[in-house]
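Okay, structure first, notes after.
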Amino acid sequence: MIELIGVYKGFEGKDVLQDISAVMEAGKTNLIIGTSGSGKTVLMKCMVGLFEIDKGEILYNKSDFFSMTDKEKKVIRQEIGMLFQGTALFDSMTVEQNVMFPLQMFSNMSYRERIKRVNFCLDRVNLKDTNKKYPAEISGGMKKRVGIARSIVLNPKYLFCDEPNSGLDPQTSMVIDKLIHELTVEYNITTVINTHDMNSVMEIGDNILYLYQGHKQWEGSSKDIIYSKDEKLNSFIFASEFLQEAKRMRQMDMEGKQLPPR
Amino acid sequence: MVLTSFGRYLLMLKGMFSKPENWRMYWKQFMLQCSDIGIRSLGIVIIISLFIGGVSTVQTAYQLVSPIIPKATIAQVVRDSMILEFAPTITCIVLAGVVGSKIASELGNMRVSEQIDALEIMGINTKGYLILPKIAASLLTIPMLVVLSMFLGIWAGEIAGIVSGIISERDFMQGLVQGFRPYIVFFALVKAYTFAFIIASISSYFGYYVKGGALEIGRASTKAVVISCIFILLADYALAALLLT
Ligand SMILES: Nc1ncnc2c1ncn2[C@@H]1O[C@H](COP(=O)(O)OP(=O)(O)OP(=O)(O)O)[C@@H](O)[C@H]1O
Ligand SMILES: [Mg+2]
């Protein structure tokens, strides 16, 4: 479980995050949504300690990350898996070596066991026959998936994904969402996902945090979102007519009303 | 500004030392850097050493016109200038260009594409894992290159002297052993270690702390080379003043 208490973060006097408080529970997919530039990536980087926060606390299982010693931070970090928005794959290594890297660093597995684990993870993100390719030789969506494979290879307790399915086709996108959700439930991971994919919001949004210009505008589940009266949230989520229509249908469905014939 | 940079540089060096997360991976990284830094610069070091050696024989002969100075003196001058100055300083200035820009752009690229952050998140001490092996590999391989450069330079000087008819092989050999002080080899090695450290640490500093994008990587590697060169020359003078007087 991760708790944020009154987190502030700014750059050169300009506030980016203001007074963010939230609880991210284990075994649930916690989504952070918001328009481009609203501070999602900054918030995620604060949570993993890549940015020092200006004010507030970030608690990992009740202990404040920023008052930990370097050693304690290291222990937490070895339990963190993170997918970066730009994937951050090691470009001097092949796909296989990328995914294997955390295993080599932190496990005592034999080569054979490592290969097995790597192939298992690559298989789960639907990647085959790319093991020997370099990141520069695969597509953007494939890189994303390699990044996900690398972040789950050590069975993390905390999983952070910065836009896991931007740049993926809807079908692969669904597969990835489902995978992350399954892993989260199966291994009781505390998962935090940045996204602006409405499909993900509706499908796997156990707990949703809507950031608007750096502060928390709304919080709730994917069920609550249907009934939310928050105008900013509504105009963000149900931006297109198609989505408004979908919302209406979902509302009727949930109220047990008969859906109009297709 | 300069002081804060220097402070950050010292903190970077201090930050390199922590217990490695996995000795084997650090060792692997060290070996990789040895081949990247040492073996990859072998070619350029061979070329410049051969030419500098050859040129110094020809030019020394040109300067020593007096008939009372024995021919063997040429060899002596070539030997001493090669060992004292050309092999360590010129080689390292060139290596500052080759190795320094490579280190800075490699680290800069890893910084900009968030690969360093990714390592950090995994719980790896990135200064220890990325910078320490580079400095260690430089400290091992660059002095070796410098010693190689001494031998090649003197040898090329001899060949150039014989081929152009300036000096006979016998005279050259005689000059080589004449008044030889082993201390200058020690001095040259002190220089080589100092310069190796300067090149690797300064270039790592500029690469590791890059902010921005591809443009800044280019700028950082230029800066790394220029600043390394300046510090090599400063150290060269300081060491000479300190150890030769
Ligand atoms: N390193 C930084 N230095 C200064 N300002 C920054 C830095 N990183 C982000 N910002 C600023 O913080 C704000 C939020 O950026 P952030 O990357 O968190 O947006 P985001 O919500 O992730 O957007 P997107 O959906 O496009 O990824 C932006 O205005 C950006 O200019
Ligand atoms: Mg972002």
Side-chain angles (χ1 to χ4, degrees), chain A residues 11-12 41 44-51 65 68-93 97-109 111 114 135-136 143 146-147 150-154 156-162, chain B residues 8 11-12 14-37 40 102-130 132-134 137 207-214 217:
Chain A
F11 294 100
E12 288 121 29
T41 301
M44 189 170 271
K45 286 190 175 173
C46 286
M47 290 176 75
V48 295
L50 284 175
F51 289 148
F65 186 78
M68 287 180 194
T69 62
D70 282 353
K71 235 186 192 160
E72 290 168 323
K73 278 186 189 165
K74 254 187 173 178
V75 172
I76 293 279
R77 281 189 164 163
Q78 285 169 19
E79 298 174 337
I80 289 180
M82 176 157 179
L83 167 73
F84 285 76
Q85 192 165 1
T87 70
L89 296 181
F90 304 127
D91 45 26
S92 59
M93 300 182 192
Q97 288 165 339
N98 260 285
V99 181
M100 201 186 285
F101 184 84
L103 291 176
Q104 280 178 305
M105 208 42 137
F106 296 110
S107 79
N108 314 316
M109 290 184 182
Y111 181 73
R114 289 198 307 253
K143 278 188 215 170
V146 177
R150 186 177 70 181
S151 61
I152 60 172
V153 73
L154 278 179
K157 264 196 193 154
Y158 308 96
L159 180 62
F160 295 86
C161 298
D162 200 348
Chain B
R8 204 155 59 146
L11 281 179
M12 175 193 92
K14 185 169 160 263
M16 297 188 311
F17 298 99
S18 68
K19 191 168 165 283
E21 294 77 26
N22 182 327
W23 284 98
R24 266 175 64 198
M25 292 297 278
Y26 274 63
W27 178 250
K28 227 173 115 184
Q29 183 72 0
F30 172 68
M31 294 312 270
L32 189 78
Q33 295 302 329
C34 282
S35 98
D36 255 18
I37 293 170
R40 289 238 181 130
K102 190 197 162 300
I103 289 179
S105 57
E106 182 188 322
L107 287 176
N109 175 46
M110 291 188 77
R111 167 64 73 196
V112 167
S113 60
E114 297 180 313
Q115 292 173 49
I116 293 184
D117 290 341
L119 286 168
E120 199 74 41
I121 293 292
M122 289 175 193
I124 293 165
N125 174 7
T126 51
K127 295 180 188 111
Y129 181 65
L130 295 173
L132 188 61
K134 288 187 170 58
Y208 188 82
Y209 290 108
V210 162
K211 267 202 179 113
I217 300 175

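Chain letters run A, B, ... following the sequence lines, proteins first and then strands; every chain starts at 1.
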Nearest 0.5 angstrom please: [X] [atom1] to [Y] [atom2], how far?
X	Y	atom1	atom2	result
A:S151	B:M122	OG	CE	9.0 Å
B:R24	A:M105	CZ	CE	12.0 Å
A:Q78	B:I124	CD	CD1	8.0 Å
A:F90	B:L119	CZ	CG	4.0 Å

* Could you name each residue pair satisfying salt bridge (charged side-chain N to carboxylate O under 4.0 Å, His left out) that touches residues 105-117 of chain B, not counting sequence neighbours? =>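 Qualifying pairs: A:K45-B:E114, B:K102-B:E106, B:E106-B:K134, B:R111-B:D117.
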* For chain A, which residues from residues 25-35 of chain B lie under 4.5 Å away (heavy-atom distances)? ->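 At a heavy-atom separation under 4.5 Å, chain A is reached by B:M25, B:Y26, B:K28.
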* **Atom group of A:I76 that falls short of 4.5 Å from chain B, counting heavy atoms** => neither
* B:F17: side chain to side chain contact (heavy atoms under 4.5 Å, CB included) partners, not counting sequence neighbours ->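 Testing B:F17 for side chain to side chain contact (heavy atoms under 4.5 Å, CB included), a comparison that skips the adjacent residues, returns B:L132.
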* To do: Return the set of residues passing side chain to side chain contact (heavy atoms under 4.5 Å, CB included) with B:E120 (not counting sequence neighbours), or none when no residue passes.
  => A:L50, A:R77, B:T126, B:Y208
* With side-chain contact (heavy atoms from CB on, under 4.5 Å) as the test, would you mind laying out the steps for A:K74 and B:S18 before giving the verdict? => CA-CA 12 Å; A:K74 254 187 173 178; B:S18 68; 4.0 Å; yes
* Step by step, work out the side-chain hydrogen bond (donor to acceptor under 3.5 Å, both in side chains) result for B:N125 and A:D70. => CA-CA 10 Å; B:N125 174 7; A:D70 282 353; over 6 Å; no
* Minimum side-chain heavy-atom gap B:I121-A:F160 below 4.5 Å -> no
* B:N22 and A:Q104: CA distance, side-chain angles, deciding distance, side-chain hydrogen bond (donor to acceptor under 3.5 Å, both in side chains) verdict -> CA-CA 8 Å; B:N22 182 327; A:Q104 280 178 305; over 6 Å; no
